[in-house]
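As the structure lists them, so they are numbered: ligands from 1, and atoms in each ligand from 1. Sequential numbering from 1 along the given sequence is applied to the chain's residues.
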Amino acid sequence: MNVREVCVVLYFLLFSVAYIAAKQPNIVFVLADDFGWNDVGFHGSEIKTPNLDRLSAAGVRLDNYYVQPLCTPSRNQLMTGRYQIHTGMQHQIIWPCQPYCVPLDERFLPQILQDGGYNTHMVGKWHLGMYRRDCLPTHRGFQSFFGYLTGSEDYYNHHRCSLITPLNGIRCALDLRDGEDVATRYTGQYSTELFTQRATDIIQQHQANKPLFLYVALQAVHSPIQVPEHYVAPYSFIKDKPRREYAGMVSAMDEAVGNISRTLQDTGLWNNTLFIFSTDNGGQNLAGGSNWPLRGRKWSLWEGGVRGVAFVTGPLIEQPGTVTRELIHISDWLPTIAGLAGASTNGTKPLDGFNVWDAISRGKASPRVELLHNIDPLYDEIIPCPGDNLSGAFLQESFRSSASRWISLGSRSEFNISVHAAIRYKNWKLLTGYPGCPLWFAPPSGGPVTSSTLSEPLKQVMLFNIEQDPEERVEISHQHPEIVNFLLKRLHHYQSEAEPITFPPDDPRCDPGPSGAWGPWQ
Ligand SMILES: *[C@@H]1O[C@H](CO)[C@@H](O)[C@H](O)[C@H]1NC(C)=O
Ligand SMILES: *[C@@H]1O[C@H](CO)[C@@H](O)[C@H](O)[C@H]1NC(C)=O
Ligand SMILES: *[C@@H]1O[C@H](CO)[C@@H](O)[C@H](O)[C@H]1NC(C)=O
């Protein structure tokens, strides 16, 4: 290259760097907790969500969008862009006294964005481990954090009760922090309002010379069912008390989203902001949630556990007012957001997520055709599944005691079909082992929450065409043995590269004492 060519190249390099810097969008990500498929207005719920309906109507609703069936795993995949089997976290959630967190050599989304020039802030629920300070949000890429570290707590006094050991009994203690400091001043403030206030403060104080990444992981609408009475008043027509109060919790959350988006508009940030709303997993019918007409619920690999409510909105979307039917997964946010931010994913371990921006914004085909829902050889359902002889415990036991039945697919392709697993390929979904509570929970509006019964017993290998049969009512493995074999081979492939499961026993040193707060103890 001669001098002139070098100059031309340099000019274009500088120009594109400046261009990216000027265009880096603000990213505001609101994650709802345990918000079910049938709990949002735009899915026909009896619960009113005018802000979610309006914002999503002006953006893109994700209609074929998947999350993990539980809190820790969904958040883990959001932060790392990687499947649970690759972080050793395929089993359950992190309980308060378990000494582990997402492996410290995983690079988190906020670290990527901070290195890409962003200010990074988090409000709300962490639930990605906290036994050591290194595990806290402020050590994993967030410049500020206001929220709680465990998976659930009281909405007003911000206390979490948890069993230390059978001998030490149950400890109730505060779980609320501002940065790494215990935050004692907020007793009595309803968390949906408290976290919204902090989120809007961050937006108002944001200096527009840098792009903003704000992650708002609301406590709403996870159990316990707690809500100020005025949010419940419009729902006197719902006879079922848990559902009625849950509806009030959803209204408070909807108002929170309205307040956050309005603050973005009032501050002038909105015109360069991408606003993402997602649930972390399906609803829990025992705590007022509903996934009807989808099968199952939180903690299961049925669609009710993993098919998530989500939308993306803001002026950056090229085809607003659309619904995408493209396959999208929570692990896709990391590469998608990093791509929009012009931030490098260099330094991450191999990603399972895809950049799905063209599918969301431009109506293109998703690069994702396959989705591993999970493989968890230790799966157990800790919440009883209704129905006498259909109880979860009974079903799980009968699956386990049938020993390990292996399907042989040739010398090196064997997958133990008694293992809890599910995989999606295009329209096909294969489930093995016991997927979790298999019932359809009828809509509770007007009456008590009831469940419909199973028309046929579960099988160890089940295949559904989700496009034609989103409710998973017609099991068709016998009609498509070649697809069953293909998907079992894929499961075998994934299992062969899975990390060993990390699920340590409780460490009694977690006990914060009667006046302490949950937090790092090592
Ligand atoms: C939304 O903002 C209004 C007005 O400031 C406030 O009264 C309300 O409590 C806020 N709602 C939430 C959920 O924070
Ligand atoms: C966005 O809003 C700000 C503040 O109102 C304004 O200065 C800026 O020009 C706007 N940008 C675009 C792309 O409209
Ligand atoms: C990517 O990371 C590696 C190792 O950390 C480093 O050597 C390399 O320079 C980085 N590349 C870019 C483009 O940042």
Side-chain angles (χ1 to χ4, degrees), residues 26 28-36 39-42 45-56 58 121-126 144-148 152-158 175-178 183 185-206 212 214-235 238 243-270 273 275-280 283 287-289 309-311 313-314:
N26 305 305
V28 177
F29 197 116
V30 176
L31 190 71
D33 202 346
D34 287 11
F35 187 46
D39 299 337
V40 70
F42 64 80
S45 180
E46 79 279 25
I47 301 176
K48 300 175 180 77
T49 55
N51 289 296
L52 299 178
D53 296 353
R54 174 179 53 81
L55 288 164
S56 63
H121 299 281
M122 172 174 175
V123 180
K125 164 168 155 177
W126 180 238
S144 84
F145 167 69
F146 179 71
Y148 58 111
S152 68
E153 62 180 6
D154 187 285
Y155 277 76
Y156 292 100
N157 68 21
H158 316 293
D175 180 7
L176 191 69
R177 277 169 200 261
D178 198 343
R185 298 194 285 119
Y186 303 95
T187 305
Q189 293 189 45
Y190 187 58
S191 84
T192 304
E193 293 166 341
L194 181 61
F195 294 151
T196 304
Q197 187 61 55
R198 178 59 66 108
T200 54
D201 287 350
I202 289 168
I203 294 166
Q204 275 158 357
Q205 285 157 24
H206 178 68
L212 169 69
L214 173 59
Y215 171 48
V216 186
L218 292 170
Q219 181 170 2
V221 286
H222 196 290
S223 64
I225 301 179
Q226 291 178 304
V227 60
E229 190 51 40
H230 68 272
Y231 289 114
V232 186
Y235 294 110
I238 301 179
R243 181 68 173 170
R244 182 169 67 249
E245 295 186 346
Y246 175 90
M249 295 168 75
V250 172
S251 279
M253 177 181 76
D254 182 73
E255 189 181 287
V257 171
N259 284 11
I260 293 168
S261 67
R262 197 178 52 245
T263 307
L264 287 164
Q265 272 151 4
D266 293 348
T267 51
L269 294 180
W270 182 260
T273 293
F275 189 97
I276 303 170
F277 176 91
S278 169
T279 188
D280 69 334
V309 178
F311 66 85
T313 193

Between G36 and D39 the two heavy atoms that sit nearest each other are N-OD2, 2.9 Å
Taking the inter-plane angle between the rings of Y156 and Y190 on a 0 to 90° scale, is it parallel (under 30°), tilted (30 to 60°) or perpendicular (over 60°)? tilted
Closer than 4.0 Å: a protein non-hydrogen atom to atom 7 (O) of ligand 1: no
If we number the atoms of ligand 1 from 1 as shown, the ones under 4.0 Å from a heavy atom of A252 are 13 (C)
So the atoms of ligand 1 within less than 4.0 Å of a heavy atom of A256 turn out to be 13 (C)
Partner of D254 by side-chain hydrogen bond (donor to acceptor under 3.5 Å, both in side chains), out of N259, N51, T192: N51
For atom 11 (N) of ligand 1, which candidate among M253, E255, Q197 holds the nearest heavy atom? E255
Looking at E46 and R243, is any side-chain nitrogen of the basic one under 4.0 Å from a carboxylate oxygen of the acidic one? yes
Step through it carefully: locate the ring centre of Y246, locate the ring centre of Y235, and say whether they are under 6.0 Å apart. no
contact_flag Y231 ligand 1 heavy-atom lt 4.0 Å: yes
Under 4.0 angstrom from atom 14 (O) of ligand 1, is there any protein heavy atom? yes
For atom 3 (C) of ligand 1, which of V257, T200, N259, T196 has the closest heavy atom? N259
Fit a plane to each ring of F275 and F311, take the angle between them on a 0 to 90° scale, and name the class: parallel (under 30°), tilted (30 to 60°) or perpendicular (over 60°). parallel
